[in-house]
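Written out below as structure tokens is the structure these notes cover.
We use all heavy atoms of the structure for the numbers below, so side chains are in, but hydrogens, waters and symmetry mates are not. Atoms within a ligand are numbered from 1 in the order they appear, just like the ligands themselves.
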Amino acid sequence: MKLSALPLAVSVLCAGLPLGVNAAATPDQIVTAMENKFGVYPGERRNHTKGICFSGEFQSTAEAAALSRSPLFQGNAIPVIGRFSQAGGNLHAPDNKPNGHGMALRFTLPDGQLHQMAMLDLPFFDVASPEGFLQKQLATTPDPATGKPDPAKVQAFEQAFPETQRLKQALAGQSRIPAGYHRLSYNSINTFILETADGKATPVRWAFIPAEDQEAYLSNEQAESLGADYLQDRLQDRLDSGDIHWRMELTLANEDDQLTDPSQPWTGPHRVIQAGTLRLHAVETDATAACRTINFDPLRLSDGVKPSDDPVLHARPPAYAISFAKRSQEAARQD
Ligand code: HEM
């Protein structure tokens, strides 16, 4: 761990004092903490390191066009480059162990604008702030002496960021080992604001729901025999045998919904709009696959979709940019 880069966080942890939610968390500190936790795979992403590229197409509905002027929602067939991934910085993360999973999308819109999304298969986020994200990386970094996170640091983190209990409880007893990337629902988690041509703003969270209505996750026993790398083959096999698609749903915020805290789910009845269909065309696994050189910055948005003031959402682009710059430079040196 580079002490110079993490003075406040490290001193707080070492002193065993309660962690402060107001401790500064710079994107550099966050990426360095991830590198220290997972190690560095030159040329690879610092988070969501293990993944698979794909291409596909998105087509929106008229209901979505009524909420946003974005060309994403005007009913055209939009080409998509995407990436499925395992959360965390382990390039060899075993597919048959519980984890979070991502789906990132880049839409190339008819007018040339790019629009991006990077979503997770979690219903909501574990932490409410970038500080929480940083402190989680620090607290869960394996202790070199034991090869495991120090339980005292994990406990101190959980006490300082009590919101983490919410996701823990929501996922209790659930397996997070996917039956396939095509079976998972992917959620925006952060809130975004849709805007019409006449300026009407609608806060939403979105989700991509798989058409295949089958068990999304496997039990430990079911997963054991599958080995560490079955997700790529399963996706290709499933695509070879037929169509894979997701419905995009927009959930419209109620008056009392939290717009700036991704660790708070929106509960109770909500208006949900069917916004479109994402269809997968091809799985791309070679070293030159298009998604490898994309930075799926979630604030690369088209006109008609704006970010909310969620501080976690705004902490993401600078961290992704650092990861992207590092991996691009490393890849250039490898050529
Ligand atoms: C403070 C909070 C967060 C930080 C600091 C962070 C950081 C990162 C970093 C550094 C990367 C690698 C970027 C690259 O090299 O291209 C990444 C990838 C990713 N993140 Fe986050 N992340 C955060 C929150 C989230 C949230 C809330 C979501 C989902 C709602 C999310 C979804 C993803 C996905 C899907 C990827 C993989 C994108 C790809 O396939 O290239 N992250 N994140």
Whether the Ser188 and Asn190 side chains hold a donor-acceptor pair (N or O, under 3.5 Å, no angle test) is what I'd like checked. no

* Taking a hydrophobic cluster as the set of Ile, Leu, Val, Met, Phe, Trp and Tyr residues connected by side-chain heavy atoms closer than 4.5 Å, whether directly or through intermediates, do Leu301 and Leu109 fall within one such cluster? -> yes

**Asked** Within the structure, does Arg83 bring an N/O atom to less than 3.5 angstrom of an N/O atom in ligand 1?
**Response** yes

In this structure, atom 38 (C) of ligand 1 is nearest to the protein heavy atom Ala104 CB, 3.9 Å

re atom 27 (C) of ligand 1, the protein heavy-atom contact at minimum distance is Phe125 CE1, 3.6 Å

inquiry  = Contact between Thr285 and Gln232 at the side-chain level, heavy atoms closer than 4.5 Å - yes or no?
reply    = yes

Exercise. Does Lys136 NZ have over 12 foreign heavy atoms under 6.0 Å away?
Worked result: no

Any chance you could lay out the salt bridge (Lys or Arg N to Asp or Glu O under 4.0 Å) test for Glu63 and Arg247, step after step, and finish with the verdict? CA-CA 13 Å; Glu63 289 98 305; Arg247 287 180 291 107; over 6 Å; no

When distances are taken from atom 15 (O) of ligand 1, the protein heavy atom at minimum range is Ser323 OG, 2.5 Å

One finds that the ligand 1 atoms under 4.0 Å from a non-hydrogen atom of Ile30 are 5 (C)

Ranked by distance from atom 35 (C) of ligand 1, the top protein heavy atom is Met119 O, 3.3 Å

Item checked: Donor-acceptor pair between Asp95 and Gln86 side chains, under 3.5 angstrom -> yes

* Give a yes or no on whether a salt bridge exists between Arg183 and Glu215, defined as a side-chain N under 4.0 angstrom from a carboxylate O. => no

When you compare the side chains of Ser308 and Asp310, does any donor N or O come within less than 3.5 Å of an acceptor on the partner? no

Applied to residues 275-322, the ring-ring contact (aromatic ring centres under 6.0 Å, His included) test, sequence neighbours excluded, yields none

of all protein heavy atoms, closest to atom 5 (C) of ligand 1 is Phe133 CE2, 3.4 Å

Note: ligand 1 atoms sitting under 4.0 Å from heavy atoms of Arg45 are 14 (C), 15 (O), 16 (O), 39 (C), 40 (O), 41 (O)

re atom 30 (C) of ligand 1, the protein heavy-atom contact at minimum distance is Ser188 O, 3.3 Å

If we only consider heavy atoms of Cys291, is any one of them less than 4.0 Å away from an atom in ligand 1?
no

Evaluate the criterion side-chain hydrogen bond (donor to acceptor under 3.5 Å, both in side chains) for residue pair Thr26 and Asp28; output intermediate values, then yes/no.
CA-CA 5 Å; Thr26 67; Asp28 261 321; 5.4 Å; no

Residues Asp240 and Gln236: side-chain donor-acceptor under 3.5 angstrom:
yes

Quick look: Asn190 vs ligand 1, heavy-atom contacts under 4.0 Å, and the answer is side chain

Count of protein N, O or S atoms below 2.8 Å from atom 21 (Fe) of ligand 1 equals 1

- Hey, does Asn187 come in under 3.5 Å of ligand 1, counting only N/O atoms on both sides? no

- Message: Is the ring pair Phe192/Trp206 parallel, tilted or perpendicular, if the boundaries are 30 and 60 degrees?
- Response: parallel

If you count the non-hydrogen atoms of other residues, nucleotides and ligands that lie under 6.0 Å from CG in Asp111, is the total more than 12? yes

Ligand 1 to Arg327, heavy atom cutoff 4.0 Å, flagged ligand atoms 14 (C), 15 (O), 16 (O)

Ligand 1 to Ile189, heavy atom cutoff 4.0 Å, flagged ligand atoms 30 (C)

